Amino acid sequence: MARPIARWGAILAFGALWWWAVLRLALVPDAGPLEGAVAAGGWGLSLLPVHCVAKARAVGAVEPRRWVEAWRAGRTRRPPATKASPHRRSDAGSGPW
C-alpha cells in the first residue's frame with residue numbers, strides 16, 4: 001500500500017514543480033534557465049510512449065535467446081551465391097545480329 005501512495009506523491013510533486021516552472025516562464029519576466037530546463041524536461045517526458053511494458057510481460061515478445069539462436073544459425077548457414085548473368089565483354093559484339 002505504501003508504494004502506490006509514494007508513487008502518486010512523487011507524480012504530484014513533479015507535476016507541481018513542472019507547472020510552477022511553466023507558469024513562472026509565462027508570467028514572470030526574470031525567469032531563468034532553471035525554469036526553462038524544468039519545463040522542457042517535463043514536456044520531453046510527455047513525448048515518451050505511455051503504454052510501455054516490460055519485455056517479459058509484453059504479449060508476443062520474442063525471448064532474447066531466440067534472437068541469439070537465429071543470429072548464430074544465419075552466420076553458419078550461408079545462402080548460395082546468386083547466378084547473375086556474366087558481364088558482356090567489350091569485344092564480344094552487340095548480339096546475334
Side-chain angles (χ1 to χ4, degrees):
M1 187 69 176
R3 283 189 186 177
I5 292 171
R7 186 179 307 144
W8 278 106
I11 289 171
L12 289 174
F14 285 126
L17 179 67
W18 184 79
W19 275 109
W20 167 81
V22 169
L23 291 174
R24 187 160 163 83
L25 276 173
L27 301 175
V28 178
D30 64 343
L34 175 65
E35 290 88 353
V38 170
W43 178 78
L45 286 175
S46 71
L47 298 178
L48 291 174
V50 176
H51 301 289
C52 294
V53 178
K55 196 172 188 180
R57 294 186 342 190
V59 177
V62 179
E63 293 180 34
R65 188 172 185 101
R66 284 187 56 196
W67 289 108
V68 172
E69 290 171 3
W71 179 261
R72 287 184 181 151
R75 291 178 64 192
T76 57
R77 260 190 337 230
R78 297 279 178 187
T82 59
K83 306 229 179 209
S85 301
H87 292 289
R88 259 183 208 266
R89 293 173 44 132
S90 60
D91 61 346
S94 62
W97 46 99

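If you read the sequence from its start, that first residue is 1, and numbering goes on from there. Since we're looking at a predicted model, the values are computed, not measured.
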Looking only at heavy atoms, which two atoms of Leu25 and Gly32 are closest? And how far apart? CD2-O, 4.3 Å
Rounded to the nearest 0.5 Å, what's the gap from CG on Leu23 to CD on Glu35? Could you check? 11.5 Å
If I compare all heavy atoms of Ala39 with all of Ala21, which pair ends up nearest, and what's the gap? N-CB, 4.1 Å
Can you establish whether the number of heavy atoms outside Trp20 located under 6.0 Å from its atom CH2 is more than 12? yes
